[in-house]
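Note sheet for the following structure.
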Amino acid sequence: MSATAKKKAPMPDDIRARKGGEPLVSLTAYTTQMAELMDAHCDFVLVGDSVGMVLHGLPSTLGVTMEMMILHGQAVARGLKTAMMVVDMPFGSYEESPEQAFRNGARLMAETGAAAVKLEGGRHMAETIAFLVARGVPVMAHIGLTPQSINTLGGYKVQGRGDAAAELMADAQAVADAGAFSVVLEKVPANLADEVTAALAIPTIGIGASAGCDGQILVVDDMIGMFTAFKAKFVKRYANLGEQAEAAFADYAREVRAREFPAAEHIFADQAPEKK
C-alpha cells in the first residue's frame, strides 16, 4: 500500500469484524464542524436523534423528524473522511411495518450517504431488521433504554435488572439473529452487558453499560459540557466548553459596552496600506 494512500472509512462488515478486538470508538455529531473534529478519532459517528434535545431544545427525541435527520446527516457527512456514518431512524419512521422502515431507511442512506441506520427495539423489531438487511440497508440495533419508548418504559430507568435480564438477553439475541451488524446497549447493568457481549457474535456498543462492551458511544455535547440541562450518571465530562463559551460571551459583552471592542487592530483605515 502506498504511504500516501488515504484511509477509507470502515463499512458495517468492518465494524462487525471488530468483535472482541480493539474497542470501537464512537460519538454523536450533528454539524459539519463537530464531525471534522472527531473524524480522526472515531471508528463510526452517529447522527443521533438526540439532536432534538441537544440542538433544538425539544423535551425528548419524539419530536424529531426525517427531515431533521436528513439535514443533520448531510451536514455531518461533509465533515467525515475516515469515520463511518450511521444515522438514527426517528420515532414513527419505522415502527409501522418493515415496508415503511425500508422506505425511510433507504431514503436516509440515499440522501445523506450514511453507511447504515440505527433503530430502537429488540424482539419486536427483529422482523423489520431482517427485512432491511435483506434489501441492502445495514442496521445497528439499540436495546435496553430506548429513548423513543420513554412513555411506555416509565422514564429514563435502568433496564434489565432482576427478572428483566432474561428478556434483554432475548432482545439482544433476536436482533443479532435478524442480521444487525452491531447493537447499542443503553443503561443496562454492567454484569448483564458483559454477559450479552460474551453471548453475541456481533459487537456491543455501550452507553451506560460496561467497559467490557466491544465499543463505547457518548453524546458529544454531554461529554464536552455543551449540554447542561442534565448530566446522566454514565457521562464523563472530558471538557467544559459550555462554561468557557459563556465566559467568552460575558467578556465580549463587557468589551462592547465599554467600547473596548472593536480595537484598532480590528477596524479598517480609509485607504488600503501600501504594498511593500
Side-chain angles (χ1 to χ4, degrees), residues 12 15-16 19 24 26-29 43-54 60-62 64 66 69 73 84-95 98 101 104-105 108-109 114-133 137-153 155-160 164 167-189 192-193 196-197 199-200 202-210 213-220 222 232 234-235:
I15 299 298
R16 184 197 298 267
K19 174 69 181 181
L24 293 155
S26 180
L27 289 166
T28 65
D43 297 297
F44 71 90
V45 168
L46 173 68
V47 185
D49 60 355
S50 48
V51 67
M53 300 174 73
V54 171
S60 72
T61 63
L62 300 182
V64 175
M66 280 286 293
M69 296 310 302
M84 185 181 82
M85 185 172 77
V86 181
V87 179
D88 260 339
M89 297 193 71
F91 179 68
S93 71
Y94 61 94
E95 296 91 338
N104 286 318
L108 281 175
M109 291 181 67
V117 300
K118 181 171 75 64
L119 57 80
E120 297 180 4
R123 285 161 288 174
H124 68 286
M125 291 308 302
E127 179 185 358
T128 294
I129 292 171
F131 191 91
L132 267 60
V133 172
V137 179
V139 175
M140 176 178 290
H142 183 159
I143 63 173
L145 174 62
T146 47
Q148 293 175 9
S149 301
I150 57 167
N151 290 334
T152 55
L153 293 176
Y156 298 95
K157 300 177 180 178
V158 175
Q159 302 295 309
E167 293 186 4
L168 191 139
M169 178 65 80
D171 283 338
Q173 196 63 64
V175 299
D177 291 345
F181 68 90
S182 60
V183 57
V184 172
L185 305 180
E186 181 166 358
K187 210 165 184 180
V188 301
L192 177 58
V196 171
T197 299
L200 296 190
I202 62 173
T204 56
I205 311 299
I207 177 167
S210 167
C213 289
D214 297 296
Q216 301 292 329
I217 187 169
L218 284 175
V219 172
V220 66
D222 285 341
F234 56 76
V235 172

Indicate every side-chain donor-acceptor pair of residues 179-188 with a distance under 3.5 Å to a residue at least two apart or in another chain.
| residue | atom | partner | partner atom | Å |
| --- | --- | --- | --- | --- |
| E186 | OE1 | H142 | NE2 | 2.9 |
| K187 | NZ | Y156 | O | 2.6 |

Write down the atom of [X], the atom of [Y], and the distance for their closest heavy-atom approach.
X    : Y    : value
V45  : A29  : CG1-CB, 3.5 Å
S149 : E120 : N-OE1, 4.2 Å
M69  : D88  : CE-O, 3.6 Å
S60  : I150 : CB-CD1, 4.0 Å
L145 : Q159 : N-CG, 3.4 Å
Q216 : G206 : OE1-O, 3.1 Å

Quick one: [atom1] on [X] to [atom2] on [Y], what's the gap to the nearest 0.5 Å?
X    : Y    : atom1 : atom2 : value
H124 : E95  : NE2   : CD    : 7.5 Å
K118 : L46  : NZ    : CG    : 5.5 Å
M125 : M89  : CE    : CE    : 8.0 Å
T61  : F91  : OG1   : CZ    : 8.5 Å
D222 : T28  : CG    : OG1   : 7.5 Å
M85  : M109 : CE    : CE    : 9.5 Å

| said: I'd like to know if the side chain of D49 reaches the main chain of V64, judged simply by a donor and an acceptor atom lying under 3.5 Å from each other, with no hydrogens or angles considered. | reply: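 No.
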| field | Polar side-chain atom of T146 near backbone of G121 as donor-acceptor pair, under 3.5 Å | value |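 No.
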| task | With K19 as reference, evaluate T204, D214, T197 under the side-chain hydrogen bond (donor to acceptor under 3.5 Å, both in side chains) test and give the passing residue. | result |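 The option that passes is D214.
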| query | Can you find a pair of side-chain heavy atoms, one from I205 and one from F44, that are under 4.5 Å apart? | reply |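 Sidechains of F44 and I205: in contact.
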| Do the non-hydrogen side-chain atoms of V137 and F131 ever get within less than 4.5 Å of each other? |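 A side-chain contact is absent here, since even the closest heavy-atom pair is not under 4.5 Å.
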| task | Applying side chain to side chain donor-acceptor pair (under 3.5 Å), name anything that partners D171, two or more places apart in sequence or on another chain. | result |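 With sequence neighbours excluded, D171 shows a side chain to side chain donor-acceptor pair (under 3.5 Å) to R123, given in chain and number order.
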| request: Go through the structure and list residues passing side chain to side chain donor-acceptor pair (under 3.5 Å) with S210, not counting sequence neighbours. | output: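 Only D194 meet the side chain to side chain donor-acceptor pair (under 3.5 Å) criterion with S210.
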